[in-house]
Q: 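I have a structure here, written as structure tokens, and I will follow up with some questions on it.
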Amino acid sequence: MNRKIVAAVLLAAAAGTAFAQDKVLRVVPHSNLAILDPIWTTAYMSRNHGYMIYDTLFGTDEKSQIKPQMVESWSSSPDRRLWTFKLRQGLEFHDGKPVTSEDVTASLARWGKRDAMGVALFTFVERMDTPAPDTFRIFLREACGFLLEAIGKPSSNVPFIMPKRVAETDAFKQIEEHVGSGPYLFKRDEFKPGDRAVYLRNPRYVPRKEPPSGSTGGKRVYVDRVEWNLALRDAQAQVNALVKGEVDILEQPSFPLIPGLKANPEIVVYSYSPVPLQYMARFNHLHKPFDNVKVRQAAMAAFAQQPFLQAQVGVQELYNTCPSMFTCGTPYASSFGTEIQSKSTMRKAQELLKASGYDGTPVVLMKPTDLAAIDKLPDVAAQLMRQAGFKVDLQAMDWQTLVGRRAKKDAPDKGGWNMFLTAWQGPDIWNPIANAALDTRGEASGWFGWGKDDKIQELRARFMRETDDAKKKKLAEEIQARAFEVATHVPLGEFDAPLAARKNISGHFRGTGNFYWNLKKN
Amino acid sequence: MAAPRAGPFFFMLTFILRRLLATIPVLLIVAVLVFLMLRLAPGDPAAILAGDAASTEQIARIRAGLGLDRPIVVQFGIWAGNLLAGDLGESFYYKMKVATLIGQRLEPTLALASLTILIAIVVAVPLGVVAAWRFGGWFDRALMGFSVLGFSVPVFVLAYMLIYVVSLQLGLLPVQGYQRIADGFWPFLRHLILPSITLSVIYIALIARVTRASVLEALGEDYIRTARAKGLPEIRVLVRHALANAAVPIVTVIGIGIALLIGGVVVTESVYAIPGLGRLTVDAVLARDFPTIQGLILFFSFVYVLLNLLIDLSYVFLDPRIRY
């Protein structure tokens, strides 16, 4: 088995040497790659690594539609409780073994223990079986309306298909072997964390015939080798390297440097994502003052989106206000029930706070000083809350301290917190199941902030069961309206984070992620 | 018959052994302090590893998987036991042996530190000697002015200026990156020239000042007057008599400089994208990667102790009056 992997790598390496250095695509990713198991963590870098070496059953195209990828055909029974899927012919892992339905069911089972949508889906799954090597079936206890959405989801955690022996790893332990059936092979021996990750074209990969779109379509690879430069993390140094031609693509150039890049005739700034990212303010529902819904509503009313976007993004063409809790431009987005924020004024916020019985408890607001992508948001939040009448204790810390602290349920004066702000990629919040802030199961589980609302939970349960698209849309609206009513969190507007590439790189396409197929280096 | 008298070599050997043994309690104290401080510092490695959308339950399971739910004493016992067996542990973040991680990053850091110190010595020592020789003259004043500038200009400002002029405008050297020496000497050197020049400026300023002060002091001594009275050429007076007698403080500063360079070149490594130990340290701290931080600090402590020992030993050769 290992010999076959080595042979595949050698084959790919030999092919690589036949082409010149020009066929090496040099990429500066948006962050460091540390964890190589995209099911174990939700980190976007691990997800992007996953897209390089694994394939998926379904994908999401640039119009947010679910399309088949490894699956050739599928059907469901009239009661929608039995789903049958047939795999495409010619699917092979990097070690030369065929992808079988047993690999698929093992991979889905592991993913179903970690991913929020996967966990939700597996509450419906009665069992899975594999009547043929290229066929698998999912038996549901009752019909649910998001099966394809879940297994075709484009963002973390993506249900990547791994060999059965790898997928049988405990879901809470990281995998040790990195063999997939995706368009690239991972060069484990060249991986140096914090330095570089290397991928070689998978010569065995058989792409679909359709053109690429999002995470679907033909994943044709026109370069022999992709190198992720993990050491180059200084924003100005990244731009210098791109301008000089030492790297080909910057995944996420810093906002203030984008106008300069656009002015350079050798550089293309490309908005690849059809859906934007969204900023979000999250309350801690467990402690004063935000254990009081009226106080949360007052803060929500104070948070006009424009000041956040202006301060954080600055480049006007890259941001938009969006009243919805679901990413604007996606099927469930609407302005239904959003008036408390979208039609509010500071005077209204002040009145709401006065009426709430707020006793002057300071709001512990955490500010990450080292995360340029969101570091200005807390200053704006603090200022707006002070204007509304809040006392704010703005505490500066590094992002990793914030990440550790937000998991604590202690009171704010005992190391806990009241509010933090973050950013989400569109697909992670574009429906009521994926959107972690709408998990209102309270302390028992759920996302940091631990909001509790039985009505939202009941509506989410109905949404999961609903199979009619129009009714699902209506339920999503009701969930959103209720979420605004109880102020689970506050959407703070949306922004685009384009990539920058040398002009000789062509074949860019739209999709909700950083994908490195279809790209040509001329 | 009388026992043979112990010679200077024996005393030197005893001194080295004594100093090496003294590193054990130093490293032990460092190990305990680092371990405790990391456990008391804010931040949770499990929450960082789990990602943004993880639930508190998932984080708790990861914490248990890392062994961080055990009492601190138990955690320390496990780590210390592995350490005694020569195992620095496994990185939480990268799932690699800490020793392997340090090994991967050692070459870039050593290369950068060596070239920086080499440039600094080659430039600073002659400058300092000439400035002392021409004390109070225009050259001396210019060197003092340069020293102030060298200390004052932040490393990243100098780095960006050099990149702009040398790389972007003149296209002479690469903007960023590191090439291993195994990939060819010239590519290796090309990638190190700008970072080394950037870093060496502050060390040139420091070593030149110390050299100037030491040589100046030596030039006032009687043996210099005697040497000149004997009619020795001025260059010989300066190098063989003044500089040789002023060497102890200069070597001390150079030694400290090497130690600082090995652990503290984060900014330069970031701007020039050099995957060295400084960058690894920062990444490990930000990720609360306890085993890696512990391993790195122990490694740095050992290097500091070793360099101090080498500096002390060099005194014997530089100043015959010094004996251990």
Side-chain angles (χ1 to χ4, degrees), chain A residues 28 32 34-37 40-44 46 114-116 156-157 170 172-174 176 192-196 229-234 236-238 240-241 243-244 246-247 370 397-409 415 422 424 428 434 436 439 443-448 450, chain B residues 41-65 91-96 100-101 104-105 108 156 159-160 163-164 167-168 171 173-178 267 269-276 279-280 282-289 292:
Chain A
V28 180
N32 187 15
I35 300 162
L36 301 176
D37 185 345
W40 192 84
T41 180
T42 59
Y44 290 141
S46 303
R114 292 304 301 258
D115 178 63
S156 296
N157 303 92
D170 180 341
F172 287 87
K173 283 191 180 145
Q174 292 186 50
E176 304 278 345
K192 293 192 173 66
D195 184 358
R196 68 176 180 170
N229 185 333
L230 306 172
L232 187 52
R233 276 176 273 167
D234 178 85
Q236 184 60 55
Q238 290 179 350
N240 291 341
V243 169
K244 182 91 190 303
E246 291 178 16
V247 297
D370 59 334
M397 59 194 76
D398 69 293
W399 172 246
Q400 309 299 6
T401 299
L402 188 155
V403 166
R405 191 165 164 184
R406 73 179 177 180
K408 288 185 177 176
K409 293 178 181 171
T422 190
W424 290 94
D428 290 326
D439 179 351
E443 264 196 89
S445 184
W447 197 54
F448 319 106
W450 307 284
Chain B
D44 180 358
I48 295 161
L49 287 166
D52 223 25
S55 68
T56 39
E57 187 201 357
Q58 288 174 334
I59 291 170
R61 288 193 69 167
I62 291 172
R63 198 178 294 122
S91 160
F92 287 166
Y93 199 48
Y94 297 121
K95 297 303 281 178
M96 286 172 78
T100 309
L101 277 173
Q104 282 181 353
R105 305 298 186 95
F156 70 92
Y160 287 137
I163 289 170
Y164 180 74
S167 300
L168 295 178
L173 292 168
V175 165
Q176 53 82 40
Y178 175 77
V267 175
E269 286 184 357
S270 294
V271 172
Y272 289 103
I274 295 171
R279 190 68 236 182
L280 178 66
V282 172
D283 285 346
V285 169
L286 290 177
R288 305 297 188 271
D289 188 353
T292 307

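Here is how names work: the chains are called A, B, and so on, in the same order as the sequence lines, proteins then strands, and each is numbered from 1.
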Q: Counting only heavy atoms not in F172(A), do more than 12 fall under 6.0 Å of its CZ?
A: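 Enclosed: over 12 neighbouring heavy atoms sit under 6.0 Å from CZ of F172(A).
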
Q: Enter the distance from N240(A):CG to Y160(B):OH here, rounded to the nearest 0.5 Å.
A: 7.5 Å

Q: Taking side chain as everything from C-beta outward and backbone as N, CA, C, O, which of these in R114(A) sits under 4.5 Å from a heavy atom of chain B? Side chain, backbone, both or neither.
A: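 Looking at R114(A), backbone and side chain both touch chain B.
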
Q: Hey, what do you get for CZ (R288(B)) to CG (D398(A)), rounding to the nearest 0.5 Å?
A: 4.5 Å

Q: Pick from V285(B), L49(B), I163(B): which one has the most heavy-atom pairs with chain A under 4.5 Å?
A: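 Between V285(B), L49(B), I163(B), the count favours L49(B).
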
Q: In Å, rounded to the nearest 0.5 Å, how long is the span from CG of D195(A) to CG of L101(B)?
A: 11.5 Å

Q: Would you mind telling me which of L168(B), T100(B), L280(B) has the largest number of heavy-atom pairs within less than 4.5 Å of chain A?
A: L168(B)

Q: Can you say whether A60(B) sits under 4.5 Å from chain A via the side chain, the backbone, both, or neither, judging by heavy atoms?
A: neither

Q: For D428(A), is it the side chain, the backbone, both or neither that has a heavy atom under 4.5 Å from a heavy atom of chain B?
A: neither

Q: Would you say the side chain of D283(B) lies within less than 4.5 Å of the side chain of R233(A), judging by non-hydrogen atoms?
A: yes

Q: Check Y93(B) against I35(A) and note the closest heavy-atom contact, atom names and distance.
A: O-CG1, 3.8 Å

Q: What part of S46(A) is in contact with chain B, defined as an atom under 4.5 angstrom from a non-hydrogen atom: side chain, backbone, both or neither?
A: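 Neither; nothing under 4.5 Å.
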
Q: Judged by atom type as modelled, is there a donor-acceptor pair below 3.5 Å linking the side chain of Q176(B) to the main-chain atoms of Q238(A)?
A: no

Q: Let me confirm one number: the CD-CH2 distance from Q58(B) to W447(A), rounded to the nearest 0.5 Å.
A: 13.0 Å

Q: Given heavy-atom pairs under 4.5 angstrom as the criterion, report whether the side chain, backbone, both or neither of N157(A) touches chain B.
A: neither

Q: Say you draw a straight line from CZ of R406(A) to CD1 of I59(B); how long is it, rounded to the nearest 0.5 Å?
A: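 One finds 7.0 Å between CZ of R406(A) and CD1 of I59(B).
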
Q: Could you measure the distance from the CG atom of L402(A) to the CG atom of D44(B)? Nearest 0.5 Å is fine.
A: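 So the CG of L402(A) and the CG of D44(B) are separated by 12.5 Å.
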
Q: Using non-hydrogen atoms only, which part of A116(A) is less than 4.5 Å away from chain B: side chain, backbone, both, or neither?
A: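 A116(A) has no heavy atom closer than 4.5 Å to chain B.
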
Q: Who wins among A43(A), A407(A), G194(A) for the most heavy-atom pairs under 4.5 Å with chain B?
A: G194(A)

Q: For the candidates T41(A), V243(A), L230(A), N32(A), which exhibits the highest count of non-hydrogen atom pairs separated by less than 4.5 Å from chain B?
A: T41(A)

Q: Would you say the side chain of P193(A) lies within less than 4.5 Å of the side chain of Q104(B), judging by non-hydrogen atoms?
A: yes

Q: What closest approach, in Å, do E246(A) and V175(B) show between heavy atoms, and which atom pair accounts for it?
A: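 Reported closest heavy-atom pair: OE2-N, 2.6 Å.
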
Q: When heavy-atom pairs shorter than 4.5 Å are enumerated against chain B, which of Q236(A), R405(A), K173(A), R196(A) gives the highest number?
A: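 Among Q236(A), R405(A), K173(A), R196(A), the one with the most close pairs to chain B is Q236(A).
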
